[in-house]
Amino acid sequence: YQFAQLIKFSKTSQKLIQFSGIISMCAGFFLFTRYHDIIINISGLLAIFAFAGTFTGLYKSGWKNLFWFGIFNLLLIAINNFIYYTHHLFAWLPVVQKITFLSFLVWVGLIDIGLYKLAILRKEKKRG
């Protein structure tokens, strides 16, 4: 939510990124129901807008390492989907899911640290 504000997107892009991300995450509450597969697909489709905005913001802000780490995470997500939908190497799915989840959490954490530093710099600049 704050990423779209701090990176200076247009109002329309900002709202699209924020609301698609929020709705995608809220859909996650229903992962543990019998609608798991449908929720995964809905959440994934909504997350596309949030991901696209995040990648655009990372690239425009010069956070190239985080941009490429995010691309790596997308590759892991693609591997997850390949295994899940084709059942090829299906026994490895739990391991790949855990690696993907950990990598994604590290990526989000590093973005949060970068945003925190950016917010502090902006506050210090305003004080002058």
Side-chain angles (χ1 to χ4, degrees):
Y1 185 83
Q2 291 178 351
F3 182 79
Q5 291 175 325
L6 289 171
I7 299 301
K8 305 289 184 194
F9 286 100
S10 70
K11 285 290 182 192
T12 304
S13 295
Q14 182 179 351
K15 295 301 176 198
L16 179 65
I17 293 165
Q18 289 173 328
F19 290 119
S20 67
I22 290 169
I23 295 168
S24 175
M25 292 306 295
C26 287
F29 288 117
F30 300 101
L31 280 175
F32 303 105
T33 68
R34 64 181 180 169
Y35 304 109
H36 177 271
D37 291 350
I38 295 169
I39 295 300
I40 289 289
N41 291 328
I42 290 170
S43 185
L45 287 173
L46 288 168
I48 288 172
F49 298 106
F51 267 127
T54 301
F55 283 109
T56 302
L58 290 172
Y59 194 81
K60 283 183 173 181
S61 299
W63 296 1
K64 301 288 193 271
N65 290 337
L66 287 173
F67 174 83
W68 289 111
F69 189 23
I71 296 294
F72 172 73
N73 278 296
L74 284 181
L75 177 65
L76 289 175
I77 291 168
I79 292 168
N80 269 286
N81 283 325
F82 175 78
I83 294 171
Y84 182 78
Y85 288 111
T86 66
H87 291 266
H88 186 66
L89 300 172
F90 199 71
W92 284 94
L93 183 60
V95 175
V96 174
Q97 286 175 326
K98 286 165 183 61
I99 292 168
T100 303
F101 187 66
L102 178 62
S103 180
F104 182 79
L105 287 178
V106 169
W107 181 60
V108 170
L110 290 171
I111 291 172
D112 287 343
I113 290 168
L115 291 174
Y116 179 73
K117 289 178 181 178
L118 183 64
I120 289 173
L121 286 173
R122 287 188 179 166
K123 277 186 181 180
E124 288 176 1
K125 246 185 190 180
K126 282 185 181 180
R127 287 187 212 170

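- Few gaps surround CZ on Phe67; more than 12 heavy atoms of other groups in view lie less than 6.0 Å from it.
- Counting only heavy atoms from C-beta outward, the side chains of Tyr84 and Asp37 approach each other to under 4.5 Å.
- Under a hydrophobic-cluster definition in which Ile, Leu, Val, Met, Phe, Trp and Tyr are linked whenever side-chain heavy atoms come within less than 4.5 Å, directly or via other members, Ile111 and Tyr59 are assigned to the same cluster.
- Counted within 6.0 Å of NE2 on His88, heavy atoms from surrounding residues, nucleotides or ligands total 12 or fewer; the atom is thus considered open.
- Cluster annotation: Phe19 and Phe9 are assigned to distinct hydrophobic clusters (Ile/Leu/Val/Met/Phe/Trp/Tyr, side-chain heavy-atom contacts under 4.5 Å, transitive).
- Heavy atoms of other residues, nucleotides or ligands lying less than 6.0 angstrom from NZ of Lys60 number 12 at most.
- When the side chains of ILVMFWY residues are joined at heavy-atom separations under 4.5 Å, either directly or via intervening members, Ile99 and Leu105 end up in two distinct hydrophobic clusters.
- Expressed to the nearest 0.5 Å, how far CG of Asn41 lies from CG of Leu46 amounts to 11.0 Å.
- For the pair Lys98/Leu102, no side-chain contact is recorded, criterion being any heavy-atom separation below 4.5 Å from C-beta on.
- Side-chain contact between Tyr116 and Asp112: absent, with no pair of heavy atoms (C-beta onward) separated by less than 4.5 Å.
- In this structure, CZ in Phe104 is found 6.5 Å from CD1 in Ile77, a value given to the nearest 0.5 Å.
- Both Trp68 and Leu110 are assigned to one and the same hydrophobic cluster, defined by single-linkage of ILVMFWY side chains at heavy-atom distances under 4.5 Å.
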TODO: Run the numbers on Thr56 and Ile17 for side chain to side chain contact (heavy atoms under 4.5 Å, CB included), then give the verdict.
DONE: CA-CA 11 Å; Thr56 302; Ile17 293 165; over 6 Å; no
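- You'll find the side chain of Phe49 stays beyond 4.5 Å of the side chain of Ile23, heavy atoms only.
- One hydrophobic cluster, built from ILVMFWY side chains closer than 4.5 Å, cannot hold both Ile48 and Leu74; they sit in different ones.
- At most 12 heavy atoms of other shown residues, nucleotides or ligands fall within 6.0 angstrom of atom NZ in Lys11.
- Between atom CG of residue Asn73 and atom CZ of residue Phe51 there is a gap of 7.0 Å, rounded to the nearest 0.5 Å.
- Residues Ile39 and Phe29 are not in side-chain contact: their nearest non-hydrogen atoms beyond the backbone lie 4.5 Å or more apart.
- The two atoms that bring Ala50 and Ser20 nearest to each other are N-OG, 3.3 Å, heavy atoms only.
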TODO: Decide yes or no on side chain to side chain contact (heavy atoms under 4.5 Å, CB included) for Asn80 and Phe101, but give the supporting numbers first.
DONE: CA-CA 11 Å; Asn80 269 286; Phe101 187 66; over 6 Å; no
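- Residue Phe32 places its CZ atom among 12 or fewer non-hydrogen atoms of other residues, nucleotides or ligands, all under 6.0 Å distant.
- Note that the OG1 atom of Thr12 and the CD atom of Gln14 stand 9.5 Å from one another [nearest 0.5 Å].
- Surrounding CG of Asn65 are at most 12 heavy atoms belonging to other residues, nucleotides or ligands under 6.0 Å away.
- Across all non-hydrogen atoms, the minimal contact from Ser103 to Phe72 is OG-CE2, 3.7 Å.
- Considering CZ of Arg122 and CZ of Arg127, their distance stands at 15.0 Å, rounded to 0.5 Å.
- Separation of the Phe55 and Trp107 ring centroids falls under the 6.0 Å cut-off.
- Of all heavy-atom pairs spanning Ile7 and Gly57, the tightest one is CG2-CA, 3.6 Å.
- Atom CD1 of residue Ile71 and atom NZ of residue Lys64 lie 12.0 Å apart, to the nearest 0.5 angstrom.
- Counting only heavy atoms from C-beta outward, the side chains of Leu58 and Phe69 never approach each other to under 4.5 Å.
- Taking the ring centroids of Phe30 and Tyr35, they lie at or beyond the 6.0 Å cut-off.
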